[in-house]
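Here the structure comes first, spelled out in structure tokens, and everything after it is commentary.
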Protein chains: 2
Amino acid sequence: MSVTRPSPREPVDAESKVGEDLSNHRVELRLWLRLLTCANLIEAEIRRRLRETFDTTLPRFDLMAQLERAPDGILLGELSRRMMVSNGNVTGLVERLVQEGLIERQVSERDRRAALVRLTARGAETFAAMARAHSDWVAELLAGLPIEDQKALWSRLGDLKLSVRGAISPGGPDGVLTDTIEAETKP
Amino acid sequence: MSVTRPSPREPVDAESKVGEDLSNHRVELRLWLRLLTCANLIEAEIRRRLRETFDTTLPRFDLMAQLERAPDGILLGELSRRMMVSNGNVTGLVERLVQEGLIERQVSERDRRAALVRLTARGAETFAAMARAHSDWVAELLAGLPIEDQKALWSRLGDLKLSVRGAISPGGPDGVLTDTIEAETKP
DNA sequence: GCAAAATAGTTTAAGGTTAAAAGAAATTGC
DNA sequence: GCAATTTCTTTTAACCTTAAACTATTTTGC
């Protein structure tokens, strides 16, 4: 508005996406929209670079990241749980990564319904390169924020996370345990 | 790990998704993963409730939110820009919403390539209800975080946003203008 | 005027995503 | 033992999403 030209090619971010009446000045809503904007901005750029640089996608990268931490392989179900996506989703992702020769799957001997997946040697190499680049990219994108601010942000986001989890979970002791005890290692 | 049981049904969030070597303790990476966790947690819950309560989806809600702020209608291209999604994406969303009778589209007289979309009366009503609920949901999810912390978080996320935009955009004067001048209204 | 370029949208091919239904194998409870 | 249940995974139908190719229309540059 303050600029005359109709900003012909400027995208508009999520903070203006969900409109619901500007008179509704709830802090919560503004916070959520800004959080969403930040996450989308970063995620979109990471996806773009993964595609451009490694011709791969974020879900594939995520899946391989899980496998990298489980050298002995991992069951599909566990994978789906850790990635927080549906079983069917994992089925498809695994299929494509096997196709690419980056991971391998193998039916469990003890339980013939279950299947183990793990990185292939080539998959491990490929992932190492991607993880390095990924880490650099994130550091680059956040470089404008002083390290102290980053730490403060991280800390407050921890509280936010607890708030959200608290509001979502059935309030059962299970969720509480998970949040408090396993906190940052596996929340 | 600190808990004996294998946590049979506990999902694991994004902070453990991208694994790249735990010895890499970059603050940036940890911050990004936590940010992603928070955003995903909230977004998933909002999507779930939109489906459960209104039998709709977040993209549809977003689209209607844009239309609500443009009572005189809006061009598809402008819509796609504001939503930060591709043209083709908007084509499909509009199609479905027209089908549902929530929006209407109309070819422009002056430019027969262009099409205007706007909310129908029923669409406006429906959206009003959804927006109210949406606002309440967000407030509920964030309720555990003191209002002062929310404001602080919002403020720091503003800096983060600038950092990311600065790192992404070609550094041209256009991007700078957009970021500084239009700041929160339409960045 | 009119050919070339730019612009507005749609289509297509590929992939990610889910919920729900279904299939196959293992466990459980008599 | 074996029927009922649970568990692990795949399939299906629907949607969201994009990049690239394509169509239709308008503008621009002579």
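Throughout, a chain's letter reflects where its sequence line sits, starting with A, and its residues are numbered from 1. Everything numeric here is computed off the predicted structure, so don't read it as measured data.
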ask   = Is there side-chain contact between B:Arg51 and B:Thr56, with heavy atoms separated by less than 4.5 Å?
value = no
Exercise. Using modelled atom types only, decide if a donor and an acceptor are shared between the side chain of A:Glu68 and the backbone of A:Ala124 within a distance under 3.5 Å.
Key: no
Rounded to whole Å, the CZ-P distance (A:Arg47 to C:dG15) equals 15 Å
Exercise. Looking only at atom types and distance, does a side-chain atom of B:Arg122 sit under 3.5 Å from a main-chain N or O of B:Glu100, one as donor and one as acceptor?
Worked result: yes
Separation of C:dG23 atom P from A:Arg112 atom CZ, nearest Å, is 19 Å
Using modelled atom types and a 3.5 Å cut-off, is there a donor and acceptor pairing between side-chain atoms of B:Ser155 and backbone atoms of B:Lys151? no
Exercise for the section: Taking the side chain as every heavy atom from C-beta outward, state whether A:Leu50 and A:Thr57 have any atom pair closer than 4.5 Å. Expected result: no
Any donor-acceptor pair under 3.5 Å linking the side-chain atoms of B:Arg118 with those of B:Gln106? yes
Minimal heavy-atom distance between B:Leu79 and B:Val94, with the atoms involved, is CD2-CG2, 4.3 Å
Common cluster, A:Leu58/A:Leu36, ILVMFWY with side-chain heavy-atom separation under 4.5 Å:
yes
Within residues 99-111 of chain A, the residues having a heavy atom closer than 4.0 Å to DNA chain C are A:Arg110, A:Asp111
Exercise. Base, sugar-phosphate, or nothing for A:Thr57, non-hydrogen atoms under 4.0 angstrom?
Worked result: sugar-phosphate
Ranking B:Gly92 and A:Gly92 by the position along DNA chain C of their nearest nucleotide, the one closer to 5' is B:Gly92
Between A:Asp62 and A:Leu93, is there a side-chain heavy-atom distance shorter than 4.5 Å? no
* To do: Report the C-alpha distance between A:Phe61 and A:Phe127 in whole Å, list the side-chain angles of each, state the deciding distance to 0.1 Å, and finish with yes or no for ring-ring contact (aromatic ring centres under 6.0 Å, His included).
  => CA-CA 8 Å; A:Phe61 177 63; A:Phe127 176 75; 5.3 Å; yes
Correct closest heavy-atom pair for A:Leu145 and B:Arg156 would be CD1-O, 4.4 Å
Here the distance between atom P of D:dT10 and atom CD of A:Glu95, to the nearest Å, is 8 Å
From CG of A:Leu63 across to P of C:dG15 the rounded distance in Å is 15 Å
Using a cutoff of under 3.5 Å, can you pull out all pairs of nitrogen or oxygen atoms linking the protein to nucleotides 3-6 of chain D, with atom names and distances?
none

Could you write out each protein N or O paired with an N or O of nucleotides 18-21 of chain C at a distance under 3.5 Å?
unit_1	atom_1	unit_2	atom_2	d
C:dT18	OP2	A:Ser86	N	3.0
C:dT18	OP2	A:Ser86	OG	3.1
C:dT18	OP2	A:Asn89	ND2	3.0
C:dA19	OP1	B:Arg51	NH2	3.4

If you look at every strand shown and take non-hydrogen atoms under 4.0 Å, does A:Arg60 touch a base, only sugar-phosphate, or nothing? sugar-phosphate
